[in-house]
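Just the heavy atoms: all of them, side chains too, but no hydrogens, waters or symmetry mates, feed the values below.
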Amino acid sequence: MAGFLSRIFEKVKSWIHWSWTYLWAVWFILVVFVVYILRGPLKLTENLSYATMFLNTLTPKFYVALTGTSSLISGLILIFEWWYFKKYGTSFIEQVSLNHISPLLGGTDGQQNDNNNTNTNSNNTTNTTQNQQTQQSMPECKVWRNPLNLFRGSEYQRYNWARGKEPLTYYDMNLSAQDHQTFFTCESDAGKQEFEIMQRAWRERNPQSRIKAAKDALEKNPECCTAIILLAEEDTSSIADAEKMFKQAYKTAEISYRKSQQTQHQNLQHEATYRRDTNVIVYIKRRLAMCARKLGRTREAIKMMRELMKEFPTLNLFNIHENLIDALLEVQAYADVQALLAKYDDISLPKSAAICYTAALLKARAVADKFSPDTASKRGLSTAEMTAVEAIHRAVEFNPHCPKYLLEMKSLILPPEHILKRGDSEAIAYAFFHLPHWKKVDGALNLLHCTWEGTFRMIPYPLEKGHLFYPYPTCTESADRELLPAYHEVSVYPKKELPFFILFTAGLCSFTALLALLTHQYPEPMGMVAKTVIGWLYMPISYVLEKLEAILPSNLLHQLSRI
C-alpha cells in the first residue's frame, strides 16, 4: 500500500513538474483571465484608485527612504556575493537556484525517478558506468616533490632573514616531513635510539627542534646519515657548508649501502634496509650534484647525475633527469638535451613543464633568431616555424601559467618544495631555474611572446576538453594556495568571469543609490519624472483594459447567473 501511494505521489509530482515546464505560459494567462473576470467582486478598480490616492499623498522623503533602503540592501547582497565568489569561486544565488529551486520547478536534480521503470534504471546504470570510466581516465591533482628544491638553511632561511617573509607554507613542509619519513626510515630501525630520534625530528614543526634532535641522534651514533642530512639541509648558512656535510654523510651512507646490498636477499627486514639505504645514497649524491651546480662546477654535476641515472636506472623517485636537463642547458649542450628528451618525452611517461617547455625551447632555437611577426604575417609560417609554434602551444596547454613568468609579466618567488603539475607552483619552479636558459637563446622569448596566447583559441573550453592533454584540472587553484605563501597572488586558469548576479546587484545598488541622491537633492523634479514614467508605463495597460471592457461586461457573473 505504501509503495502504491508513493508511486502515485511521484507520478503526480512528475505531472506538476511537466506542467510547470511546458504549460507555465498557459497557466499565467489563465490566472490573469480569472482575475480580470473577478475584478467586479474583488473590487479591483476601487482598490487601485485607493492605492493611487495613497501614492499621491506620499512625500519625497518616503521615496528617498525607499531608494536608500533598496541601495543599502542591494549593497549588502553585493558584498556577500563578492565574498562568496572570492572564497568558493561561484555565485551563492546561482548555486541556490540550480541546486534547490530548479529541481522544484522541474529540474533534473532529484526527480529522475529511481523507481519509474526498468528502462530508466538501465539508462541510469549506463550513465553511472560512463561517469565512473570518465573519472578513472581523468588525472588526479597529485602533488609532486620539486626535483630542483632549494636548501632550507642556506637558501630558504637566508631569504627569511633578509625579507622577513616565510617562503614555505606549513602544508609544504609537512609534505616534506612525510617524504623524509618514507625515504629515510624502515621497520628494521625499531629499537635503535638514533633512528627513533630522527623519526621524531622529521615530524617536528620548529626548525630549531629538528636541528636539536638531529644533534642528539649524532651523539647517540656519529655515523647516523639521516641526522647529517637534516643538518646539511637546515643548519648551514651557505652551499659550500652544505656540500661539506653531504660529503661527510656520503662516506657513511656508501658503507651502509654496500653492507645492505650484500644482505638484501636474506629476509624482508634486510630488503627494507637496502631500500632505505638506496634512497639515502641517491638523495645525498643528488644533493651533492646540485651543490656542484650551484657553485659553478656544472660539468662535475652533469657527471654525477649521469652516474646516478646509470647506476639506478629504474629509480624515478627524485626525477633526476630534470636536474640533468637544467645542468645541460646551462652549458648549452643542446644535442644532449635533445637525446634526453627523446627518452623521457614519451607518451607513456608523466609529463612536466620542464620537459614540455624544454622541447619547445629546442624547436624555437632553430628559428627564433630570424623570426619576425610582421614577416610571418605576410608570407606565412615556414615548416620549422610552424613546428616551433606547435611545440609552444603544446607546452602552454600543459601549463598555461609559465609564459607570464618567463616573459616577466609576473614577479617570481622562491619555488616551493612540492609542486602541482600544470599548476602555478610548477610554473614558478620551472621559470625560477629555466628563465636564464630562455634568455640565452636569441629571440626565443620574442617567439614565445608572439605565439603563446594563440593556444587558448585551440582550447576554448579547457576544463571540458583538451587538445593534446587531458582537460585542465579544476583542483589546481586550491592546491596551489596550500603550497604557495599567502603573499603570492596565485595565478588562476581559466580566468573566472564575474557571475551575472554580482554584476546585477552592483548595477542595482548603483542605480538605487543614484535615485536616492537625486530624489534627496531635487524632490519636485524627480517626483514629476516618476509620475511621467509611471504614466507612460500605464498607457498600454489602460488601452488593453478599455478594449476588454468593450468586449466583456464588468458584471459577467451576474449575466451568467441570469442565464
Taking the six-membered ring of Y493 (Phe, Tyr or Trp), confirm whether the NZ or CZ of R422 is under 6.0 Å from its centre and within 45° of its axis.
no
Contact summary for E385 and S382, nearest pair of heavy atoms:
OE1-N, 3.1 Å
Between K220 and E196, does at least one N-O distance fall below 4.0 Å, as a salt bridge requires?
no
Where the side chain of N279 meets the backbone of F184, is there a donor-acceptor pair that is under 3.5 Å apart?
no
CG (D374) and SG (C450) are apart, to the nearest 0.5 Å, by 9.0 Å
Ignoring hydrogens and geometry, is there a side-chain-to-backbone donor-acceptor pair from R275 to C186 under 3.5 Å?
no
Backbone of L230 reached by a side-chain donor or acceptor of E234 within 3.5 Å
no
Worked verdict on E330 versus H437 for side-chain contact (heavy atoms from CB on, under 4.5 Å)
CA-CA 7 Å; E330 177 65 20; H437 307 325; 3.5 Å; yes
Is the backbone N or O of E482 less than 3.5 Å from a side-chain atom of T169, with the two atoms forming a donor-acceptor pair by type?
yes
Can a donor-acceptor pair be found, under 3.5 Å and without considering hydrogens, that links the side chain of D241 to the backbone of T236?
no
Would you sort out whether E426 and N146 count as a side-chain contact (heavy atoms from CB on, under 4.5 Å), showing the intermediate values?
CA-CA 8 Å; E426 185 191 32; N146 182 7; over 6 Å; no
State whether Y487 and K165 meet the cation-pi test: NZ (Lys) or CZ (Arg) under 6.0 Å from the six-membered ring centroid, and within 45° of the perpendicular axis.
yes
For H449 and N446, what are the C-alpha separation, side-chain angles and deciding distance, and is it a side-chain hydrogen bond (donor to acceptor under 3.5 Å, both in side chains)?
CA-CA 5 Å; H449 174 72; N446 178 48; over 6 Å; no
R258 and I255: side-chain contact (heavy atoms from CB on, under 4.5 Å), yes or no, with the steps?
CA-CA 5 Å; R258 299 304 175 192; I255 297 172; over 6 Å; no
Checking T455 side chain against W452 main chain: does a donor-acceptor pair fall under 3.5 Å?
yes
Salt bridge present between E417 and R152 (N-O < 4.0 angstrom):
yes
Strictly distance-based, threshold 3.5 Å: is any side-chain N or O of Y257 a donor or acceptor partner for the main-chain N or O of V280?
no
